[in-house]
**Q** 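Supplied in structure tokens, the structure appears directly below.
Hydrogens, waters and symmetry mates play no part in the numbers below; they use all other heavy atoms, side chains included. In what follows, chains carry the letters A, B, and so on, assigned in the order in which the sequence lines appear, proteins first and then strands, with residues in each chain numbered from 1. Just so it is clear, the structure is predicted and the values come from calculations on it, not from any experiment.
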Amino acid sequence: MAHGRTINDHYRDTPAGHLYGGCENTSFTRSPSSSKLASHYPPDHHTAMFGKKPDTSFTEAETVIGPSVKVEGDFLSQGNVIVEGVMVGQLKTDQSLKIGEHAQVQAEVRAQNAFVAGSVRGNIEVAGQLELTSTAKVMGDISAEVLSVEPGASINGRVSMAVERQAETESE
Amino acid sequence: MYLYVYDAGAQESRNQRELGRVEARLQQLDIRGAVSRLNILKSLRGVIHDAVRDGQASTIVVVGDDQSFAQAVNAAACSNLTIGFLPIGGPSRFGRLLGIPPGVLACEVLASRITRKLDLGKVNGSYFFESVEVADDPQAAVINLGPYQIAALSPRAKVLVANFAQRPGKGAGHTNPADALLDLIIDPGERSTGFFHKERLLPSAFPVKRLQITSAQPLSLLVDQGVLLKTPAQVEVVPQALKVIVGSERVFE
């Protein structure tokens, strides 16, 4: 660019230069090479029952079901999923799942790892770690390899762990 | 071989000085080519179709505004042509995304000839470069992705299917126009939490390859912030559909 001017200097403060969404950030930023959306989720100050930060406190998710959205049907994903809205049906992901405090999930849930802070009506099956926060309300069966439950969490259903499942298999 | 297509706006008298500077700079950079001036009898689509048929130009450079560029994208999609853009007459939204400054400085971008194969979106048979937005009542739209459906719960939400658009939220970056996916974005905007305080609600985002937008009553869809279509609409991604000359300050890799 001539005379030290950047492309931003040509587009700053012009009505046509404002893109969808009210472009407050007038500097070019390169988006990541994948389609993952950098979540605007605030830093998670919650710590697990035993003082460790949960593995599911991811800040980047491929799919975000925000508070203004309702999803109905069989939702299958291969990436991280954040749910803050309403989900009805089936919710399955190969990676981590985060259900926010105000989320309402009426679905069968399956994930590699899950962090639940909201309401779930349905069974939850997690291959790895499942964490229920103090605001979590689960009405269904739970299955996980590692389970962490904060005081105040509500579970109405059967809980099975990997050890218990192995014992059942051996007894059969 | 370059073919420069001047749209009606570029030919206006107020842009003649800028156009003269552009032509001189193209001459200095040795990337001058044939010139085609659009008029009431000559459309951009016709010029591009002729170029494809005759094989006389491998690079079409649209000299004009965003609307003309969007038309060129539609006409040249899935062809062997390379599309360049030289914004004339003011700031350009597409120019910002592609890293192409307006006026004579765009000549440097053309000369550097950095090209990228970009995805396009397709809605009811027409291609789009940036996005398709539900212009009417977003709550009335039902978005069908096959196994599941999505509905917006907020009447103020913006619903758009983006190939190449800025994500909502400060500093959120842009969607990737070369990942063989579209982004379904539902942005609820802000809500007031008190005097002088507003809270930004979390936007929703779904990476998709195809979807259907239906509604009980026909809704208007804004394509590339210009053309209006009506629901029902079938929207899908067309990966690597167009080769485009881009600048080094583009908003993607």
Side-chain angles (χ1 to χ4, degrees), chain A residues 1-2 5-42 61-79 82-91 100, chain B residues 66 90-93 95-97 99-103 105 108 130-131 133 145-154 156-158 160 162 165-176 178-179 181-183 185-189 200-207 225 247 249-253:
Chain A
M1 294 286 159
R5 288 171 61 84
T6 69
I7 194 166
N8 284 322
D9 297 324
H10 298 285
Y11 291 113
R12 186 173 291 125
D13 298 330
T14 56
H18 285 275
L19 301 176
Y20 160 76
C23 181
E24 297 168 5
N25 180 12
T26 55
S27 66
F28 283 155
T29 56
R30 292 190 181 233
S31 64
S33 56
S34 71
S35 67
K36 293 179 182 175
L37 171 71
S39 167
H40 298 288
Y41 228 60
E62 185 178 271
T63 302
V64 179
I65 301 175
S68 62
V69 159
K70 178 179 178 181
V71 177
E72 212 163 343
D74 296 340
F75 181 83
L76 307 174
S77 172
Q78 294 176 324
I82 293 176
V83 181
E84 288 284 358
V86 179
M87 171 72 219
V88 178
Q90 191 182 126
L91 174 57
Chain B
D66 285 349
S92 160
R93 195 173 69 253
R96 282 191 70 170
L97 295 174
I100 301 173
L105 290 172
E108 318 298 324
E130 187 183 12
S131 64
E133 183 179 342
L145 284 93
Y148 61 97
Q149 289 184 337
I150 299 172
L153 299 177
S154 168
R156 292 183 307 277
K158 275 187 191 284
L160 79 155
Q166 185 177 9
R167 295 192 177 110
K170 190 172 180 180
H174 293 81
T175 59
N176 189 337
D179 59 357
L181 291 168
L182 299 174
D183 286 75
I185 297 173
I186 301 173
D187 180 18
R200 188 109 196 25
L201 296 173
L202 185 68
S204 304
F206 301 80
Q225 302 200 20
E249 292 193 37
R250 60 193 181 275
V251 300
F252 58 98
E253 291 298 325

**Q** Between G89(A), G85(A), G73(A), S68(A), which shows the greatest number of heavy-atom pairs under 4.5 Å with chain B?
**A** S68(A)
**Q** Where is the tightest heavy-atom contact between P67(A) and L153(B), given as atom of each residue plus distance?
**A** O-CD1, 4.2 Å
**Q** List the residues meeting side-chain contact (heavy atoms from CB on, under 4.5 Å) with Q78(A), not counting sequence neighbours, and say none if there are none.
**A** D94(A)
**Q** Report which part of Q149(B) has an atom under 4.5 Å of a heavy atom belonging to chain A: side chain, backbone, both, or neither.
**A** both
**Q** So, taking the atom named CG in L145(B) and the one named CG in D74(A), what distance separates them when rounded to the nearest 0.5 Å?
**A** 12.5 Å
**Q** Restricting to non-hydrogen atoms, name the atom on V69(A) and the atom on S204(B) that form the minimum distance, rounded to 0.1 Å.
**A** CG2-OG, 3.2 Å
**Q** Can you name the side-chain contact (heavy atoms from CB on, under 4.5 Å) partners of A157(B), sequence neighbours left out?
**A** A152(B), S154(B), I186(B)
**Q** Is it the backbone or the side chain of V86(A) that comes under 4.5 Å from a heavy atom of chain B, or both, or neither?
**A** side chain
